[in-house]
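Working notes, beginning with the structure itself.
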Amino acid sequence: MVDPYETDELLNQYLLFHYGADDNVLPYSDGPRAALNFPVRVVEECIDFRSLPQSPVALELGCAVGRSCFELSRYCSRVVGVDRSRLFIRAAQQLQTNGRLAFRYQEEGNAYAPAVAMPPGGAIMERIMFEHDDVLELRDDIGKFDVVLLANLIDRLRDPKCCLERLQTLCRPGARVIITSPYTWLEDFTKHENWLGGFGAKGDRIHSIHTIGTILGDAFDLHGVKDMPFLIREHARKFQWCIAQ
């Protein structure tokens, strides 16, 4: 089975999702415009940098093509972005090194429009390190962080519980952990027995957020819950509109 995150199709979709102009992502005035710019909003709306120590360091697990890492570099002295997709990490590194990356996005059928992805102004490139790795098998010396971001990652892991259980070892005292997910549990990525939400063995409804809280246990305090809409364009007339929690 081909990993969809190692295909040009998803690479182009994610480059548009992370770096595309609003009118290219959503060319309809009556569409869900509040769902645009998710990789920027998840940093700006979910992290109070005033409450962090001086010169904080950040880790993003599942950084995809890197936009949130570039945003984090404005506030953090060091940012590490990790993703298991070689294609995505290579694209993020090219953006970091060259300051631009040409791609294309689908209009209809085999009709594509050209585009150029560019890191945002104000990003500090020398603060960022992009690494190709499985987030479930992180190197032991990756360090500890003041900010750990998992944006729409856990429902794409083969063992989300394992990832959540390791968070405490990645955090400095007082660290902020931001977890977002639309909870799209699919056996293509996560075996049913590893889903965090759905129906339990006794037929009782299980909410993913409650399972996350149980796994994190006493190591973390819940500071807030909010809905975070996001929009991924597949082509000019088909979109994924999702509500991450």
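Sequence positions, counted from 1, serve as the residue numbers for this chain. Computed over heavy atoms, backbone and side chain alike; hydrogens, waters and symmetry mates excluded.
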Listed once per pair and sorted, the salt bridge (charged side-chain N to carboxylate O under 4.0 Å, His left out) pairs that draw on residues 26-39, sequence neighbours left out: D23-R33
Residues which pass side-chain contact (heavy atoms from CB on, under 4.5 Å) with C242, listed by chain and number, not counting sequence neighbours: P182, F230, Q240
Taking the side chain from K144 and the backbone from T169, do they hold a donor-acceptor pair closer than 3.5 Å? yes
T180 side chain to N152 main-chain N or O, any donor-acceptor pair under 3.5 Å? yes
D134 side chain reached by V82 side chain, heavy atoms, under 4.5 Å: no
I178 CD1 to L149 CG distance, which is reported to the nearest 0.5 Å: 5.5 Å
Ring pair (Phe, Tyr, Trp, His ring centres under 6.0 Å) against F130, all qualifying residues, sequence neighbours excluded: F70
Donor + acceptor pair across side chains of W195, T211 (<3.5 Å): no
Kindly indicate whether the side chain of R233, heavy atoms from C-beta on, has any atom under 4.5 Å from the side chain of L26. no
Just wondering, do Y14 and Y19 contact through their side chains at under 4.5 Å, heavy atoms? no
Are V57 and M125 connected, step by step, through hydrophobic side chains (Ile, Leu, Val, Met, Phe, Trp, Tyr) whose heavy atoms are closer than 4.5 Å? no
Across all chains, not counting sequence neighbours, the ring pair (Phe, Tyr, Trp, His ring centres under 6.0 Å) partners of H132 are none
Which residue pairs pass the salt bridge (charged side-chain N to carboxylate O under 4.0 Å, His left out) test when at least one of the two sits in residues 2-21, sequence neighbours left out? none
E137: what forms a salt bridge (Lys or Arg N to Asp or Glu O under 4.0 Å) with it, not counting sequence neighbours? R158
Apply side chain to side chain contact (heavy atoms under 4.5 Å, CB included) to N194 and L157, showing your working. CA-CA 9 Å; N194 291 336; L157 297 176; over 6 Å; no
Under 6.0 Å from the CD atom of Q106, do we count more than 12 heavy atoms belonging to anything else shown? yes
Can you pull the salt bridge (charged side-chain N to carboxylate O under 4.0 Å, His left out) pairs that have at least one residue in residues 204-218, sequence neighbours excluded? none
Residues clustering with V116 (ILVMFWY side chains joined when closer than 4.5 Å, directly or via others): M118
Ring pair (Phe, Tyr, Trp, His ring centres under 6.0 Å) filter on F145, not counting sequence neighbours, yields none
Pairs where residues 108-131 contributes a residue and the test side-chain hydrogen bond (donor to acceptor under 3.5 Å, both in side chains) is met, not counting sequence neighbours: E131-R139
Just how far is it from atom CG of L164 to atom CD1 of I215, taken to the nearest 0.5 Å? 5.0 Å
Test of understanding: with side-chain contact (heavy atoms from CB on, under 4.5 Å), list the residues that count as partners of A113, not counting sequence neighbours. Y105, E107
So which heavy atom on W185 is nearest to which on D155, and how close? CZ3-CA, 3.4 Å
Give the cluster check for I232 versus V42: same hydrophobic cluster or not, with ILVMFWY residues linked at side-chain heavy-atom distances below 4.5 Å. yes
So the salt bridge (charged side-chain N to carboxylate O under 4.0 Å, His left out) pairs with at least one residue in residues 172-199 (sequence neighbours excluded) are D146-R172
Given the rule in the side chain to side chain contact (heavy atoms under 4.5 Å, CB included) test, do S181 and L153 qualify, once you have shown the distances and angles that lead to the verdict? CA-CA 7 Å; S181 178; L153 170 71; over 6 Å; no
